[in-house]
Amino acid sequence: MTQRQFMAFARQPAYLIITLIQPVIWLFLFGALFRKVVELPGFGAGSYLDYLVPGVIVMSAVSANMWAGMGTLEEIERGTLNRFLITPVHRSALMNANVVAQSATTAIQSLIIILLGWIGGAHYPGGVLGLLILVVVASALGTIFGAFSNALGMLVRQRESIIGINTFLLLPLTFLSSAFMPPTLMPHWMQVVARFNPVNWALETGRAAMAAHPDWWSVLSHGGWTLLLAAFAVWLSLRTFRSYQKSV
């Protein structure tokens, strides 16, 4: 079922190109626009590009995966999903194949952003292990939003509702995290919100792992919460799928 999703992606070259180009625009556009903010007292990074790479990776993971429910909704409208229900395919595969495909795409996209950042002059003192942890946690974050999006598609079954909810969530979740600015420079209320924001958990995990002296407690704690939420999101998507199955 995941292979089927990849084949569908391959038949949409324009989508693939946009998926790869959009993070590049964010990386170098934001990098050029905000490069002077490292001069602020307490910023704590020598190069804004170094700081920005994890932020762009995480933002890309959120924006790409939160539309998974649109694909699920399209399969419901076409009747494809109902036809699969009479096959012996495992129900978890039916519901989560697009989540797995999107997570794999997120990992590839993250590697490309890392490479482009390195070409642009970014430094990764945490080495290969730190970068690997960043890619894994970005894929886990993608799983969270992909599975929640699938559940949303099953519940609302309206494109407009999915578009509206995703548009409402994307920027607040991104800017209420440390994607573009360290928490120490945020207003206090934003710091409080960021502590409960899964986007910020992924960023804290990735940045802690990529540091010259990794903070493994932060990696384990924030990464653990991210993985737990990913497991809950997958469970919730399966529950909503069973409810849909009973209704047809």
Side-chain angles (χ1 to χ4, degrees), residues 9 12-68 70 102-103 105-126 130-131 134-135 137-139 141-142 144-146 149 163-187 190-191 193-194 197-211:
F9 289 152
Q12 305 175 69
Y15 174 77
L16 291 174
I17 292 170
I18 292 171
T19 300
L20 294 175
I21 289 178
Q22 189 179 49
V24 177
I25 294 173
W26 287 340
L27 185 66
F28 294 107
L29 182 64
F30 288 136
L33 182 62
F34 297 117
R35 63 187 179 86
K36 293 285 189 180
V37 300
V38 294
E39 299 174 6
L40 292 173
F43 190 89
S47 164
Y48 190 66
L49 190 61
D50 291 357
Y51 185 85
L52 184 62
V53 168
V56 172
I57 287 175
V58 167
M59 185 176 180
S60 299
V62 174
S63 63
N65 287 274
M66 69 191 322
W67 300 101
M70 295 290 282
Q102 288 280 10
S103 295
T105 303
T106 297
I108 296 170
Q109 189 181 61
S110 300
L111 291 172
I112 293 173
I113 295 170
I114 288 169
L115 177 61
L116 291 173
W118 177 73
I119 293 173
H123 302 88
Y124 308 122
L131 293 174
L134 174 62
V135 172
V137 78
S139 297
L141 186 69
I144 292 171
F145 284 93
S149 183
I163 293 171
I165 292 171
N166 288 351
T167 303
F168 173 76
L169 289 177
L170 177 58
L171 289 181
L173 285 173
T174 302
F175 286 102
L176 289 171
S177 73
S178 59
F180 304 115
M181 194 68 63
T184 53
L185 298 180
M186 295 179 183
M190 292 182 70
Q191 296 180 33
V193 173
N197 183 354
V199 176
N200 197 60
W201 298 346
L203 284 165
E204 292 291 336
T205 303
R207 290 204 174 103
M210 290 173 62

Exercise. Determine, stepwise, if the pair Met70 / Ile163 fulfils side-chain contact (heavy atoms from CB on, under 4.5 Å).
Key: CA-CA 9 Å; Met70 295 290 282; Ile163 293 171; 4.1 Å; yes
Minimum side-chain heavy-atom gap [X]-[Y] below 4.5 Å:
X	Y	answer
Leu170	Phe145	no
Ser178	Tyr51	yes
Tyr124	Val53	yes
Val38	Ser47	no

Enumerate, atom names and distances included, each donor-acceptor pair closer than 3.5 Å involving a side-chain atom of residues 107-119, sequence neighbours excluded.
| from | atom 1 | to | atom 2 | distance (Å) |
| --- | --- | --- | --- | --- |
| Gln109 | NE2 | Thr19 | O | 2.6 |
| Ser110 | OG | Thr106 | O | 2.7 |

Restricting to non-hydrogen atoms, name the atom on [X] and the atom on [Y] that form the minimum distance, rounded to 0.1 Å.
X	Y	value
Ser60	Trp26	OG-CZ3, 3.6 Å
Gln191	Met186	NE2-O, 2.9 Å
Ser149	Asn65	CB-O, 4.1 Å
Leu203	Ala179	CD1-N, 3.3 Å
Gly130	Met210	O-CG, 3.7 Å
Glu204	Pro183	OE2-CG, 4.0 Å

Quiz prompt | Whether Ser177 side chain and Thr174 backbone form a donor-acceptor pair below 3.5 Å | solution = yes
Which value, rounded to the nearest 0.5 Å, describes the distance between [X] atom [atom1] and [Y] atom [atom2]?
X	Y	atom1	atom2	result
Ile144	Ser103	CD1	OG	10.0 Å
Asn166	Leu171	CG	CG	11.5 Å
Arg207	Asp50	CZ	CG	10.5 Å
Phe34	Met181	CZ	CE	7.0 Å

Exercise. Please report the C-alpha distance between Phe180 and Met59 in whole Å, then the side-chain angles of each, then the deciding distance to 0.1 Å, and finally whether the side-chain contact (heavy atoms from CB on, under 4.5 Å) criterion is met.
Key: CA-CA 10 Å; Phe180 304 115; Met59 185 176 180; 3.6 Å; yes
Self-check item: side-chain contact (heavy atoms from CB on, under 4.5 Å) assessment of Leu27 paired with Leu49
Solution: CA-CA 8 Å; Leu27 185 66; Leu49 190 61; 3.9 Å; yes
